Amino acid sequence: MAEAPLRTSPLQHVRTAGSIWLAAALVVGCALRLARPQVHSFWIDEGLTLLAAESTDLLDFLRWDSHPPLSFLVVRGWMALFGSSDLALRLLAAIVSCISLFLFARLARAWLGDRAVIAVALYAVAPFLVNIAHEVRMYAFVELATLFVLLAARAAWRAPSATRWILLGVATAAATGLHYYGSFAGLAVIAQALLRRARGSLNGRAVLLTGAATAVGVAVWFPVFVTLVPSQMANPWPRIVQTDARSLAELPVRLVASDLIALVEHGILWVGWLLAAGCAGGLVLAIIRAVREPDDGLREALIACAVPILAALTLATVAGGAFHPRYLTPAIPGTITAIAAGLALLAPTVLSRAMTVIVVACALATSVLQLSENRREDYRSACAEIRERWQQGDRLLVLVCVPDVQRLATVSHYMRDRPDILSSSLDPDLYLSGRERPAPGTRLHVLWREATICFEPYAKLRDTHTFLESAPARFRIHRFVVVETPR
């Protein structure tokens, strides 16, 4: 007798298809993060990372910065092993971001179940995350640490043990040591624990242990806070505070896509509008669903989105802290999950699928555009031009509108094998005031970083345009001008 053919249920087909799409999202996301690691030149902030990592007295150097020390120590260790080439340094952030993508897939599955594939697809191609995966700064590390905090808390709630509570504390300490706002991930899991307590799925002891573990994780950095924060708050760096109505309205899309200017330059701003509409609509639908129905996974995702944003906004209002999408990296996992959940709620199903495809496609297009060209301050090309034209007796003038201790940070990276050029650098304050000028006929190479925000004693650099008009521009790239005055 012939055996009856095996039958598979429609649910099994759905799960198989979901697994395929999930795997595809992970592959595409890793490909974007690892693709073209050297397409972007190091910009001024990345130069500051290298300068801090190479500093013999890191804490003293960070008095001129606005971040805690852990990310710079990580970069220092990586450089000791793999060197300081653009490729080696960029791969660190890219690898870390790939690990984050896989961790997010696990977290999204816990929050959304079968709907997680939408969240993972958007997370995989989100331009903001692809951008920080190609940047030698702390944000990719903060992303990873935030996910560890969220997952460690869930593990401790599911099966409490001393080891798991310790891991939650360690994860919170890592997030805090990478960025001051990384500590807000700890606040988010405390809020999630309180929600679970209110729903009766978590006892009071677990709530107290959650608060204790995260508090200890933050507190281990207290000696560093006492040493650094007062001087960092007093240094001349401007605090970027984008709390106007438009910035707050745009925040959901800014946590997904960081560089919409490229869309304007290429005449496809409509891609950004579609992405913004999808993100905003998805987030609104998620909030409505969370209010109307007891969807605990979605509510936890919204808490992970809202708590870091509200904490940062409060700090900016009360204590003068910064409020900027990059600083809100701890809010991104929750934000993207909530947006995806909202897109999944659209009815009919065909509309949900169509809108999901549009949002993911627009995010992917923006990420690919970011990787197609240098979208940062092009120190690399500017320094290459100077090196090519350099002659004995030439002088270098670097105008970058940062404190003098950091002025040559990125230039030093690209001129690290040309100490003769670096040693010829003029002091910009002395030069612009007329107190130090090269002898007549000296060739002068000027590297100018245009900045919309300057601060004393560098406010005079706002008038650099007038100075540069006195010499013929021989090289213009992005936000840099290199000029050469004839003999």
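These numbers were taken from a predicted model, which means no experiment stands behind them.
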Check whether any side-chain heavy atom of [X] lies under 4.5 Å from a side-chain heavy atom of [Y], and answer yes or no.
{"X": "Tyr180", "Y": "Val229", "value": "yes"}
{"X": "Trp43", "Y": "Thr410", "value": "no"}
{"X": "Leu251", "Y": "Leu328", "value": "yes"}
{"X": "Val256", "Y": "Ile336", "value": "yes"}
{"X": "Val271", "Y": "Ile268", "value": "yes"}
{"X": "Met138", "Y": "Leu70", "value": "no"}
{"X": "Val120", "Y": "Arg109", "value": "no"}
{"X": "Glu377", "Y": "Ile44", "value": "yes"}

Where is the tightest heavy-atom contact between [X] and [Y], given as atom of each residue plus distance?
{"X": "Ala133", "Y": "Arg33", "result": "CB-CG, 3.7 Å"}
{"X": "Val220", "Y": "Ala173", "result": "CG2-CB, 3.8 Å"}
{"X": "Val241", "Y": "Gly321", "result": "CG2-O, 3.5 Å"}
{"X": "Ala276", "Y": "Val253", "result": "CA-CG2, 3.6 Å"}
{"X": "Trp165", "Y": "Ala206", "result": "CH2-O, 3.5 Å"}
{"X": "Ala290", "Y": "Leu298", "result": "N-CD2, 4.1 Å"}

Would Glu135 and Arg326 satisfy salt bridge (charged side-chain N to carboxylate O under 4.0 Å, His left out), going step by step from the backbone distance to the final call? CA-CA 12 Å; Glu135 187 172 87; Arg326 281 175 173 269; 2.5 Å; yes
Check the pair Glu46, Arg90 against salt bridge (charged side-chain N to carboxylate O under 4.0 Å, His left out), reporting the backbone distance first and the verdict last. CA-CA 10 Å; Glu46 292 176 292; Arg90 291 238 185 272; 2.3 Å; yes
Identify, with sequence neighbours excluded, every residue that meets side-chain contact (heavy atoms from CB on, under 4.5 Å) alongside [X].
{"X": "Leu151", "result": "Leu103, Arg106, Leu107"}
{"X": "Leu81", "result": "none"}
{"X": "Pro348", "result": "Val350, Leu351"}

Indicate yes or no for a side-chain donor-acceptor contact from [X] to the backbone of [Y] under 3.5 Å, with no hydrogens or angles considered.
{"X": "Ser247", "Y": "Thr243", "value": "no"}
{"X": "Gln406", "Y": "Leu48", "value": "no"}
{"X": "Arg36", "Y": "Leu371", "value": "yes"}
{"X": "Arg76", "Y": "Ala53", "value": "yes"}
{"X": "Ser100", "Y": "Val96", "value": "yes"}
{"X": "Ser231", "Y": "Leu228", "value": "yes"}
{"X": "Ser97", "Y": "Ala93", "value": "no"}
{"X": "Trp111", "Y": "Gly334", "value": "no"}

Could you tell me if the ring centre of Tyr181 sits under 6.0 Å from that of Phe184?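 Yes - the distance between ring centres of Tyr181 and Phe184 falls below the 6.0 Å cut-off.
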Given the rule in the side chain to side chain contact (heavy atoms under 4.5 Å, CB included) test, do Val39 and Gln370 qualify, once you have shown the distances and angles that lead to the verdict? CA-CA 9 Å; Val39 64; Gln370 285 181 178; over 6 Å; no
Distance-only polar pair, side chains of [X] and [Y], donor-acceptor under 3.5 Å:
{"X": "Asn131", "Y": "Arg376", "answer": "yes"}
{"X": "Arg137", "Y": "Thr49", "answer": "yes"}
{"X": "Trp157", "Y": "Thr210", "answer": "yes"}
{"X": "Asp86", "Y": "His40", "answer": "no"}
{"X": "Tyr327", "Y": "Gln242", "answer": "no"}

Measure the spacing between [atom1] of [X] and [atom2] of [Y] and express it to the nearest 0.5 Å.
{"X": "Tyr379", "Y": "Ser41", "atom1": "OH", "atom2": "OG", "value": "8.5 Å"}
{"X": "Thr366", "Y": "Leu263", "atom1": "OG1", "atom2": "CG", "value": "4.5 Å"}
{"X": "Cys98", "Y": "Leu34", "atom1": "SG", "atom2": "CG", "value": "4.0 Å"}
{"X": "Leu187", "Y": "Thr214", "atom1": "CG", "atom2": "OG1", "value": "7.5 Å"}
{"X": "Ile99", "Y": "Glu143", "atom1": "CD1", "atom2": "CD", "value": "10.5 Å"}
{"X": "Leu50", "Y": "His413", "atom1": "CG", "atom2": "NE2", "value": "6.0 Å"}

If you apply the rule side chain to side chain contact (heavy atoms under 4.5 Å, CB included), what do you find for His134 with Gln38, and how did you get there? CA-CA 8 Å; His134 289 80; Gln38 294 173 277; over 6 Å; no
Lys/Arg-Asp/Glu bridge criterion (N-O < 4.0 Å) met for Asp296, Arg196: no
On the 0 to 90° scale, with breaks at 30° and 60°, tag the Phe104-Tyr123 ring pair as parallel, tilted or perpendicular. parallel
Step by step, would you call Cys383 with Val411 a side chain to side chain contact (heavy atoms under 4.5 Å, CB included)? CA-CA 7 Å; Cys383 289; Val411 176; 4.2 Å; yes
Only one of Val130, Val28, Leu129 forms a side chain to side chain contact (heavy atoms under 4.5 Å, CB included) with Ser367, so which one is it?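 It is Val130; the other options fail the test.
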Starting from the C-alpha separation in whole Å, work towards a yes-or-no answer on side chain to side chain contact (heavy atoms under 4.5 Å, CB included) for Thr176 and Trp221. CA-CA 8 Å; Thr176 305; Trp221 291 102; 4.0 Å; yes
May I ask you to check whether over 12 heavy atoms, not counting those of Tyr414, lie within 6.0 Å of atom OH?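 Yes, the 6.0 Å shell around OH holds more than 12 heavy atoms from other groups.
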